[in-house]
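Have a look at the structure below before the remarks.
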Amino acid sequence: METSIIKSQAYGKDRVRIVRVVRRADGWQEIADYSVCVLLSGEAFESSYTKGDNKLVVATDSQKNIVYYLGKTLPPCRVMVPEVFASEIAAFMVKKYSHVTTCHVKIITKPWERMMFDSKGHPHSFCREGKETRWTEAFVTRKGEGLGVRMNSGFYDLEVLKTTNSSFTDFWRDELTTLPEMADRVLSTKVLCQWTFVSDDLEALRAAPFDRIFAGAKRNTLDVFANDPRAWVHASVQSALYVMADRILNDFADVDDVYYALPNIHYFPFDLSKFGLKNLQADAQVYMPIADPSGYITATISRPPKGKI
Ligand SMILES: O=c1[nH]c(=O)c2[nH]c(=O)[nH]c2[nH]1
């Protein structure tokens with residue numbers, strides 16, 4: 001007889017590819033291109049794992065159908081913003097199936113950017129410009145009569161590099177330290193940025209400025225990386241991370257906290273002294289990018305608890 005217990009479970013459909021086109025009467029068209037993952041959980045599903053009882057199992061095939069069904073039937077504005085679409089799918093599942101306690105929906109977007117000709121957007125042609133990927137996750141949970149919603153959104157793979165105005169000095173030194181002080185260095189990272197917000201009000205969530213937050217978070221990240229002197233007061237990836245997150249929290253009241261993961265992709269000056277050439281510190285011009293290992297700097301930043309400001 002089995003004695004093991006289930007500690008957690010969630011099942012559903014991953015990589016549901018859906019493209020939604022919105023066509024306006026004047027010929028202007030919009031596109032959203034998503035890969036959706038839907039996961040259902042609830043105690044009611046335990047017996048499908050432990051007893052082979054499928055009676056309450058909503059087929060993952062049906063879950064996939066629901067993504068397309070909602071893509072067609074929801075008002076376009078609730079499909080074209082990934083955060084809103086994710087929370088709509090998750091709320092639909094929890095409302096329709098009373099034995100579902102939580103639905104987790106993750107959407108990874110494929111960012112098609114409108115083609116520009118003579119500074120004007122083309123009405124229906126798009127290209128893939130940036131390499132960063134926007135994604136979002138909605139966790140909708142039954143809460144008495146209502147629903148609780150927690151959302152994580154963000155982007156990853158935003159690759160940036162600067163050739164000066166970065167340093168790393170005055171760090172801990174002991175017999176295991178070999179890294180020289182670096183008063184100026186090349187700095188490169190592949191940004192992962194994620195922000196969270198929590199709501200019990202699906203209606204309010206629909207009106208949240210998700211697209212503005214995404215654009216603002218990306219703009220702030222680039223601006224701090226390139227321009228903000230505060231980021232370099234402490235002269236490290238850590239200090240840049242803090243200023244980036246602080247800017248997002250200041251700009252967007254809806255955001256509860258911000259997480260960054262910033263790999264420090266090293267570009268070390270190549271030592272050419274054996275050939276009688278100076279290429280270190282202030283003389284550095286030729287660098288060797290190091291694929292592995294990289295530094296990896298992470299933090300979650302939030303506002304201080306009320307009363308502690
Ligand atoms: O900005 C940095 N932070 C570190 O913690 C660190 N460690 C290291 O070797 N180089 C760097 N750079």
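One-based numbering, in listed order, for ligands and for the atoms of each.
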Subject >> Gln238: numbered ligand 1 atoms lying under 4.0 Å from its heavy atoms >> reply: 1 (O), 2 (C), 3 (N), 4 (C), 5 (O)

**OP:** Measure the acute angle between the ring planes of Phe214 and Trp195, then classify it against the limits of 30° and 60° as parallel, tilted or perpendicular.
**Re:** tilted

Original post:
Counting from 1, what ligand 1 atoms have a heavy atom of Ser236 closer than 4.0 Å?
Top reply: 1 (O)

Original post:
Do Arg114 and Phe126 meet the cation-pi criteria used here (NZ or CZ under 6.0 Å from the six-membered ring centre, within 45° of the axis)?
Top reply: no

Subject >> Summary of side chain to side chain donor-acceptor pair (under 3.5 Å) pairs that have at least one residue in residues 8-21, sequence neighbours excluded >> reply: Lys13-Thr60, Arg17-Asp33

Original post:
Nearest protein heavy-atom contact for atom 7 (N) of ligand 1: which residue, which atom, what distance?
Top reply: Phe168 CE2, 3.4 Å

**OP:** Quick one: look up the protein heavy atom nearest atom 9 (O) of ligand 1 and list residue, atom name and how far away it is.
**Re:** Leu179 CD2, 3.4 Å

Original post:
Would you call the rings of His122 and His124 parallel, tilted or perpendicular if under 30° counts as parallel and over 60° as perpendicular?
Top reply: perpendicular

Subject >> Residue that, paired with Arg206, satisfies side chain to side chain contact (heavy atoms under 4.5 Å, CB included) out of Val81, Asp201, Val84 >> reply: Val84

Original post:
Which is it for Arg185 and ligand 1 at heavy atoms under 4.0 Å: side chain, backbone, both or neither?
Top reply: side chain

Original post:
Counting from 1, what ligand 1 atoms have a heavy atom of Asn264 closer than 4.0 Å?
Top reply: 2 (C), 10 (N), 11 (C), 12 (N)

Subject >> Validation row, ring centre Phe210 to ring centre Phe197 under 6.0 Å >> reply: yes

Original post:
Near Val237, which atoms of ligand 1 are under 4.0 Å from a heavy atom of that residue?
Top reply: 1 (O), 2 (C)

